[in-house]
Amino acid sequence: MKHPFKLLYSISFIFSIQYALVVYINSSFLETAVSEKLVGLIFTVASILSILVLLEMPRVLSRFGNYKTTIFFVLANSLVLLSMGFAKSSYVIVISFLLYTVTNYCLVLTRDVFIEEFTVKGIVGRTRGSFLTIINLALVIAPSIAVFTLSRGSYFGVYALAALFTFSSFFFIFPHLKNFKDPLYKKISVRETLTQAGRDIDLKRIYFSEFLLCFFYSWMIIYTPIYLHQYIGFEWKSIGAILTVMLVPFVLLDYPLGRLSDTIGERKLLIFGFFIIAVATITIYFLNTKNIFVWALVLFMTRIGAATIEVMDESYFFKKINASDAGLIGVYRNMFPFAFIIGPLLAICILFFVPSFEYLFFVLGAIMLLGFLSALRLQDAK
């Protein structure tokens, strides 16, 4: 524990490899059990369950501590991933996916508590930038591994490998974090937590910014692989290459942007990020080519915007709160499952009325402009 960040870097990398191995194939995997239009509904149900559990996490942490809670969710996450790999029944596939989603969100929250407890306030931006770089390095590496495994076998190999990664984190957490001293978690009700979250107008803007980013991810994660594979006609090998290039900005930009935010603040960079992500996403609507380089470039540009927004949101939010604010952290992390409720439901409605699939990306780009307008009114964190 002399260098806790080195340990937490390893744990964060492992969690992220596990997540990234399956994140872009989950929607296609679920299509083996349900129809294409019901995939979004399953993501929505998973998100509702995750929100309910995350809102109760402060009580869980107060009773059991962050260390024991993390160990439990590591083991649970490993088991449900294996269950997904072995599953033959549609019911088992869907239930396992729901449980997987919940345990994944809980692991992210408990990781946040560890990181926040060891973070020095003066360097929040670079600290969060460092962790996001490690996390996103895994996100760049994993899709190619997943596609390679998938192209040579079945979904079982991917989910079994993801389970192995999650379980391996146990050997980092068990011996090294057992003496972790929990902060005094604020024991307030869910209603009081939401009231506290809405009291600071700039904090509300960051919640909104994070929601929009997660909304962007919800459509991209669910619908981009389907669109590239079924409508554009790319093979999984080509999709893996596109996804790898697409995610590079997260590795290249997170740390320098985090350092920069400690110097000049988050507002200007957040404005830039939303402008880039909006323009690049709308561009997808106009693409009518199977040129892999064009698709990689446009999706690369969307992730320059996303990476910028991600770092600014993390930097700003964790400058405003402490590790004891597990409830506020829970609300912040709930933006992702909440977006996965609103996002797929809205997409389902849109798909019933638009003439073709690519209209989703035009609408998504327009929605990102709301973040641009909100960021214009943000006050930098002090």
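In what follows, every heavy atom counts, from backbone to side chain, and hydrogens, waters and symmetry copies are set aside. Counting begins at 1 with the first residue of the sequence.
When every heavy atom of Gly305 is checked against every heavy atom of Ile276, the shortest pair comes out as N-CG2, 3.8 Å. Considering all non-hydrogen atoms of both residues, Ile239 and Pro225 come closest at CD1-O, 4.2 Å. The two residues Ala307 and Pro249 make their nearest non-hydrogen contact at CB-O, 4.1 Å. Across all non-hydrogen atoms, the minimal contact from Ala163 to Leu82 is CB-CG, 3.8 Å. The two atoms that bring Val251 and Thr133 nearest to each other are O-CG2, 3.6 Å, heavy atoms only. The two residues Ala375 and Ile271 come nearest to each other via the heavy atoms CB-CG1, 3.7 Å.
Other residues, nucleotides and ligands place no more than 12 heavy atoms under 6.0 Å from the CZ atom of Phe272. Residue-environment remark: CD (Glu31) exceeds the threshold of 12 foreign heavy atoms within 6.0 Å. Within 6.0 Å of OH in Tyr217 there are more than 12 heavy atoms belonging to other residues, nucleotides or ligands. More than 12 heavy atoms of other residues, nucleotides or ligands shown are found within 6.0 angstrom of CG on Asn291. For Phe357, the CZ atom counts as densely surrounded, since its 6.0 Å shell holds more than 12 non-hydrogen atoms of other residues, nucleotides or ligands.
Between Phe250 and Leu132 there is no side-chain heavy-atom pair separated by less than 4.5 Å. Met368 has its side chain out of reach of Val279: every pair of non-hydrogen atoms, C-beta onward, lies at least 4.5 Å apart. At least one side-chain heavy atom of Thr32 sits under 4.5 Å from a side-chain heavy atom of Ile93. For the pair Trp219 and Thr281, the minimum side-chain heavy-atom distance is 4.5 Å or more. No side-chain heavy atom of Met335 sits less than 4.5 Å from a side-chain heavy atom of Leu212. Side-chain contact between Ser83 and Val92: present, with at least one pair of heavy atoms (C-beta onward) separated by less than 4.5 Å. Looking at heavy atoms from C-beta onward, Leu269 lies out of side-chain contact with Ile309 at the 4.5 angstrom threshold. Between Val53 and Tyr105 there is no side-chain heavy-atom pair separated by less than 4.5 Å.
For the pair Arg267 (side chain) and Leu376 (backbone), a donor-acceptor distance under 3.5 Å is present. Under a 3.5 Å cut-off, the side chain of Thr308 and the backbone N or O of Gly273 do not form any donor-acceptor pair. In terms of modelled atom types and a separation under 3.5 Å, the side chain of Ser238 and the main chain of Phe234 share no donor-acceptor contact. Checking side-chain atoms of Ser62 against main-chain N and O of Pro58 turns up a donor-acceptor pair under 3.5 Å. No side-chain donor-acceptor contact under 3.5 Å links Thr69 to the backbone of Asn66.
Ile14 CD1 to Ile134 CD1: the interatomic distance, rounded to the nearest 0.5 Å, is 11.5 Å. Note that CG of Leu299 and OG1 of Thr224 are 6.5 Å apart. Values are rounded to the nearest 0.5 Å. Within the model, atoms NZ of Lys204 and OG of Ser374 stand 10.5 Å from one another, a figure rounded to the nearest 0.5 Å. In this structure, CE on Met312 lies 12.0 Å from CG on Leu213, to the nearest 0.5 angstrom. Between the CG atom of Leu8 and the CZ atom of Phe15 there is a distance of 10.0 Å, given to the nearest 0.5 Å. We find the OG-CG distance between Ser12 and Leu137 to be 12.0 Å, quoted to the nearest 0.5 Å.
With sequence neighbours left out, Ser209 forms a side chain to side chain donor-acceptor pair (under 3.5 Å) with Asp313.
Checked by atom type, the side-chain pair Tyr100/Gln18 shows a donor-acceptor distance below 3.5 Å.
Taking the six-membered ring for Trp and thresholds of 30 and 60 degrees, Phe211 and Phe338 have ring planes inclined between 30 and 60 degrees apart. Note: Phe286 and Phe362 have perpendicular aromatic rings, judged against thresholds of 30 and 60 degrees for the angle between ring planes. Under the 30°/60° scheme for interplanar angles, the aromatic rings of Trp295 and Tyr227 are found to stand perpendicular. The aromatic rings of Phe171 and Phe167 lie perpendicular to each other, with more than 60° between the two planes, well past the 30° mark.
Ile173 and Leu61 fall within a single hydrophobic cluster, where Ile, Leu, Val, Met, Phe, Trp and Tyr are joined by side-chain heavy atoms under 4.5 Å apart, directly or via other members. Put simply, Ile226 and Ile292 are part of the same group of oily side chains (I, L, V, M, F, W, Y) that touch within less than 4.5 Å, one to the next. In terms of hydrophobic clustering, with Ile, Leu, Val, Met, Phe, Trp and Tyr side chains grouped at heavy-atom distances under 4.5 Å, Val23 and Met220 are assigned to a common cluster. Residues Leu55 and Leu107 are members of one and the same hydrophobic cluster, defined by side-chain heavy-atom contacts under 4.5 angstrom among Ile, Leu, Val, Met, Phe, Trp and Tyr. In the hydrophobic clustering of ILVMFWY residues, with side-chain heavy atoms under 4.5 Å counting as a link, Tyr223 and Val363 come out together.
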_side-chain hydrogen bond (donor to acceptor under 3.5 Å, both in side chains) assessment of Asn77 paired with Thr166_ = CA-CA 7 Å; Asn77 187 270; Thr166 300; 3.0 Å; yes
*Evaluate side-chain hydrogen bond (donor to acceptor under 3.5 Å, both in side chains) for Glu310 paired with Asn136, printing each intermediate quantity in order.*
CA-CA 11 Å; Glu310 181 179 69; Asn136 287 311; 3.1 Å; yes
*asked:* Between Met84 and Val80, is the side chain to side chain contact (heavy atoms under 4.5 Å, CB included) condition met? List the steps.
replied: CA-CA 6 Å; Met84 291 172 74; Val80 294; 5.6 Å; no
*Could you go step by step and tell me if Phe64 and Phe72 meet the ring pair (Phe, Tyr, Trp, His ring centres under 6.0 Å) rule?*
CA-CA 10 Å; Phe64 299 104; Phe72 171 80; 8.6 Å; no
*side chain to side chain contact (heavy atoms under 4.5 Å, CB included) between Phe353 and Tyr359, worked out*: CA-CA 10 Å; Phe353 294 102; Tyr359 277 85; over 6 Å; no
*For Val22 and Val158, what are the C-alpha separation, side-chain angles and deciding distance, and is it a side chain to side chain contact (heavy atoms under 4.5 Å, CB included)?*
CA-CA 7 Å; Val22 300; Val158 181; 4.1 Å; yes
_From CA spacing to verdict: side chain to side chain contact (heavy atoms under 4.5 Å, CB included), Leu378, Ile206_ = CA-CA 8 Å; Leu378 184 72; Ile206 287 300; 4.1 Å; yes
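The distance between the ring centers of Tyr285 and Phe361 does not fall below 6.0 angstrom. Aromatic pair Tyr159/Phe29: centroids less than 6.0 angstrom apart. For Phe97 and Phe43, the gap between ring centers is short of 6.0 Å.
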